[in-house]
Amino acid sequence: MTERELPSNAQIADAFDLIADLLDIEGGQSRHRILAYRRGATRIRGERQSVATLALAQRATELPDIGSTLQDKIVELCDTGQMAALVRLCERIPAGLASIARLQEIGPKRARAVWSTLGVVDLEGLGGALADGRLATVDGIGPKTITAVTEQLAALARGADLNERIPAGRAYPLAAELVEVVRQVAGVTRAEIAGGLRRGSETVHDIDIAVATTDVAAVQRAIATSRLVAEVLSSGERGSAVATHAGIRAEFRFTPPESFGNLLQHLTGSKAHNVRLRERAVRAGRSLSEHGVSDSDGQVTRCADERAVYALLGLPEIDPELREDTGEIAAAEAGLLPTLVTVEDLRGDLHVHTTWSDGHDSLVDMVGAARDLGLEYIGISDHSKALAMARGLDADRVRRQWDEIDAINAANPGITVLKACEVDVLADGALDHDDDLLAGFDWVTASLHSGFRQAQRQLTDRILAAIDNPFVNAIGHPTGRMFGKREGYPIDLEAIVERAAATGTALEINAQPKRMDLNADMARRALAGGVRLIIGTDAHSTTELAVRRYGIAMARRAGAAPERIVNCLPLAQVQAIRQESTARR
DNA sequence: GCCGTTTTCGGCCCGACTGTTTTCAGTCG
C-alpha cells in the first residue's frame with residue numbers, strides 16, 4: 001500500500017473558502033449556500049484531527065456544518081488532488097478575483113464590478129488600474145476606497161500580511177490601558193475588554209472594548225484625545241474605531257448601563273458562538289442582539305450582566321474561554337460545563353529564574369515578589385550548565401544556591417521556597433544534572449533548549465527519556481514554539497501524554513506570551529489523556545510573574561479545573577507527587 | 001449547503017457605519 005499525502009485541514013478550508021468567494025463574486029447564488037461553504041471552512045480550519053482522514057472514513061459528516069456534499073468534495077480532493085466543482089468555477093470566475101474581494105472596503109460586489117468594467121482579474125491588474133486612474137471610474141468606488149486600496153496594495157508590496165494576527169501578549173497590555181482611558185470618563189459605569197482577548201485567544205486581530213456609559217460624547221472625546229490613539233477611523237453613537245500608535249486597531253462600543261451584559265456578550269463572541277446562541281433564541285421565539293433579548297411581541301429585555309443574557313436563553317453562564325462553538329452550548333444545557341481554573345487558584349510557581357542564571361532579579365527579590373502576589377510556594381528553577389549562554393548552574397553552584405534557599409526559609413519569608421531547577425534535556429536524551437544531584441531537588445522541570453532540528457522520533461524519544469527519569473516531575477515548554485520566531489518542534493504528543501500519565505509527570509503550560517506552550521488544544525489533549533498540567537511563568541524578573549494570566553488563559557481554553565493543575569494544589573500535595581515519583585527509583 | 005424539541009423541506013443571526021448615493025447597498029464585525 002502506498003502512502004499518499006493527504007490535504008491538510010488548512011488546504012481543505014482554503015478550497016472551500018475559495019468556492020465561497022467565487023460564488024459570492026459570481027452572484028445569483030443563495031447566500032446561505034455560500035455561508036454553508038464558509039462555515040464548513042471555518043469548522044475544518046479549527047479542527048484538531050485530520051478532516052481528510054475523517055472524510056475518507058465517511059465520518060466527516062459527524063462534524064457540525066459538514067454534510068455529505070462537503071464530505072464528498074473532501075474525498076475527491078484526497079483522491080484526485082482537486083475539486084471538479086472548484087475547477088469549473090474557476091473557468092467561469094478568475095480565481096484572482098477572490099484576492100481582490102478580500103481587500104478591505106472591496107468585497108465581492110466591487111470585485112465583480114472591477115472585473116466587468118475593467119477586465120481586471122487579479123491584484124497585479126488592480127495595481128495597474130489604480131496607477132493609471134481607471135479604478136476610480138468603477139461604480140461604487142470613490143476616493144476613500146481608492147485610498148484604502150492604495151494603502152493595502154502598498155502594504156502587500158512590502159510583504160505585509162494583511163490578516164496578521166497579533167499575539168495576545170502584545171495586545172493585552174495596550175487593551176488594559178485603553179480600558180483605563182474610558183474608565184476615567186465621567187458617566188462610564190463599566191468598561192471591559194471583550195473579543196478574542198477576553199476569550200483567551202493566543203492571537204487577535206484587534207482589540208474590542210465594551211463600555212457602559214450615560215455620556216457617549218464624553219467617551220468619544222476621551223478616546224480621540226488619548227495619547228495612545230493615532231487616528232480615529234470611525235465614530236458614531238454606538239462606537240468608535242481607532243488606530244493606535246502601537247499599530248493595533250481598537251474598537252470601542254457604547255451602551256447604556258442597563259444593557260451592558262448584552263453588549264459584552266455580543267462583543268466577546270466568538271462569532272460562531274453568537275450565531276448558535278441567536279439560532280437558539282429564534283427557536284424559542286426570541287431575538288438576541290447587543291441591545292437586548294426581544295420576544296415575539298417586540299418586548300425587549302435588557303441585561304446588565306452576561307449571566308442574565310444566558311439565563312434568558314435557559315443556560316448557565318458560559319465562561320468566555322469556552323465560547324468557540326465547540327459544543328459548549330450543549331455542555332451548558334446538560335450541566336456539564338467544567339469549573340475552570342482562575343488566577344486566584346494558583347498557589348505556587350515552580351518555574352522562575354534568578355540572577356543565579358539568566359534572570360534579571362535576585363533570588364530574594366523573586367521570592368518577595370511571589371509572596372506579594374499571595375503565592376504559598378515558589379520553586380527557584382535556574383538553568384543547568386549546558387545552557388552556558390544563560391550561565392546555567394553546575395553541581396557546585398546548585399549546592400551553594402540551596403544554602404541560600406535554606407537561609408531564606410530559615411528567616412521565615414512568608415512563603416515556602418523550593419529547590420527546583422530547569423534541567424536541560426541534552427541532544428542524546430540524557431539530563432544535564434546527574435541523578436544524585438537531581439534527587440536533592442524539591443521539584444524538577446526538564447526542558448529542551450537545543451537540537452530542535454532533530455526528527456520527530458528523536459525529539460519525542462528525548463522527552464520520553466526525561467519523563468522516564470524518576471526525578472523529573474514536569475516537562476517545560478513541551479513544543480518549544482516561539483511566536484514570530486519558530487514553529488514548535490515536531491513531537492508525538494500522544495506518546496508523550498501516554499507516558500506522562502503513566503509516570504505522573506506533569507506537562508507545562510509555559511505562560512510566557514511568546515510561548516504559550518502547551519497551547520490550548522494540546523493542553524486539552526493532555527487532560528483527556530489523564531495528565532496533570534502545571535502553569536509555569538518562566539519569569540526572568542519580578543514583573544514577569546504577571547504573565548501567569550496567559551498560562552491561565554490556555555488552561556481555561558483547555559477546560560482545565562484547578563485540581564488538574566499542579567501548582568493549584570497545596571504544597572503538601574506537590575511534595576507528595578514528588579515523593580511518589582522518586583520512590584520509583 | 002446544512003439541518004431538525006417546527007425533523008427530509010423550508011427555513012437559515014443581528015445590527016452599525018460608511019461611502020457613494022440621492023435613499024441605500026455594501027462591507028464589516
Side-chain angles (χ1 to χ4, degrees), chain A residues 16 19-21 23-25 27 29-44 60-74 83 85 100-114 136-149 163 194-196 204-210 216 232-241 249-255 259 262-263 265-294 296 300 309 313-314 325 330 333:
Chain A
F16 286 142
I19 290 176
D21 285 342
L23 287 174
D24 214 353
I25 293 165
Q29 289 288 340
S30 152
R31 59 195 177 89
H32 296 107
R33 184 171 166 235
I34 294 166
L35 190 63
Y37 277 112
R38 293 201 198 285
R39 278 189 169 183
T42 302
R43 179 68 60 183
I44 290 162
T61 54
E62 292 170 15
L63 298 173
D65 306 321
I66 309 298
S68 56
T69 305
L70 262 56
Q71 172 165 279
D72 289 349
K73 285 182 161 64
I74 298 167
M83 295 180 189
I100 295 177
R102 285 172 196 164
L103 294 175
Q104 301 257 313
E105 316 295 330
I106 296 293
K109 298 296 186 294
R110 287 176 188 144
R112 183 183 171 83
V114 165
T137 68
V138 176
D139 276 352
I141 294 186
K144 291 284 179 118
T145 311
I146 292 291
T147 305
V149 170
N163 293 313
V204 297
H205 82 274
D206 68 2
I207 291 169
D208 295 298
I209 295 174
V216 165
V232 177
L233 302 171
S234 71
S235 188
E237 191 64 18
R238 304 288 186 183
S240 295
R249 210 183 118 97
E251 182 158 333
F252 296 85
R253 294 287 294 272
F254 316 134
T255 183
S259 49
N262 301 104
L263 178 64
Q265 193 287 316
H266 167 81
L267 207 52
T268 297
S270 65
K271 184 174 180 174
H273 173 85
N274 285 356
V275 167
R276 296 292 165 197
L277 277 190
R278 289 187 195 130
E279 287 170 349
R280 181 185 175 85
V282 167
R283 283 199 298 277
R286 296 179 146 149
S287 174
L288 173 68
S289 81
E290 60 265 53
H291 308 301
V293 181
S294 41
S296 48
V300 179
V309 180
L313 299 173
D325 187 29
E333 189 152 39

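Chain letters run A, B, ... following the sequence lines, proteins first and then strands; every chain starts at 1. Being a predicted model, the structure only gives us computed values, none of them experimental. Atom set for the values below is all heavy atoms of this structure, side chains included, hydrogens, waters and symmetry mates excluded.
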Which of these nucleotides, [options], is closest to any side-chain atom of [X]?
X        : options                : value
A:Val275 : B:dC13, B:dC2, B:dC14  : B:dC13
A:Thr69  : B:dT20, B:dG26, B:dC2  : B:dC2
A:His291 : B:dC2, B:dG19, B:dA16  : B:dA16
A:Arg278 : B:dG19, B:dC14, B:dG29 : B:dC14
A:Glu279 : B:dC13, B:dA16, B:dG29 : B:dC13

Legend entry - Full working for side-chain contact (heavy atoms from CB on, under 4.5 Å) between A:Gln265 and A:His273: CA-CA 10 Å; A:Gln265 193 287 316; A:His273 173 85; 3.9 Å; yes
Inter-nucleotide [atom1] distance ([N], [M]), Å rounded:
N      : M      : atom1 : value
B:dC14 : B:dT20 : C1'   : 24 Å
B:dG11 : B:dT18 : P     : 35 Å
B:dG15 : B:dC9  : C1'   : 29 Å
B:dT7  : B:dC12 : P     : 15 Å
B:dC28 : B:dT23 : P     : 24 Å
B:dT5  : B:dC13 : P     : 15 Å

* Asked: Hey, does the side chain of A:Ser235 come within less than 4.0 Å of B:dC17's phosphate (OP1/OP2), counting only N and O?
  ->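 Result: no.
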Whole angstrom value for the distance that separates [atom2] of [N] from [atom1] of [X]:
X        : N      : atom1 : atom2 : value
A:His32  : B:dG11 : NE2   : P     : 11 Å
A:His266 : B:dG29 : NE2   : C1'   : 7 Å
A:Arg280 : B:dG4  : CZ    : P     : 14 Å
A:Glu237 : B:dT18 : CD    : P     : 12 Å
A:Gln104 : B:dG29 : CD    : C1'   : 11 Å

*Hey, which sits more toward the 5' end of DNA chain B by its nearest nucleotide, A:Arg33 or A:Leu288?*
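Upstream on the strand: A:Arg33.
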Considering heavy-atom distances to DNA chain B, does A:Ser234 or A:Arg102 have its closest nucleotide positioned more toward the 5' end?
->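 With A:Ser234 and A:Arg102 compared, the 5'-side residue is A:Ser234.
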Look at A:Asp139 together with A:Lys109 and state whether they make a salt bridge at an N to O cut-off of under 4.0 Å.
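A:Lys109 and A:Asp139: not salt-bridged.
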Worksheet item: Do A:Phe16 and A:Ile74 pass the side-chain contact (heavy atoms from CB on, under 4.5 Å) test, and can you show the C-alpha distance, the side-chain angles, and the key distance before you say yes or no?
Response: CA-CA 9 Å; A:Phe16 286 142; A:Ile74 298 167; 3.8 Å; yes
Distance only, no hydrogens: is a donor on one side chain within 3.5 Å (strictly under) of an acceptor on the other, for A:Arg278 and A:His266?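 Side chains of A:Arg278 and A:His266: pair found under 3.5 Å.
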Could you tell me the Watson-Crick or G-U partner of B:dT8, where both distances fall under 3.5 Å? Say none if there is no partner.
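B:dT8 is paired with nothing.
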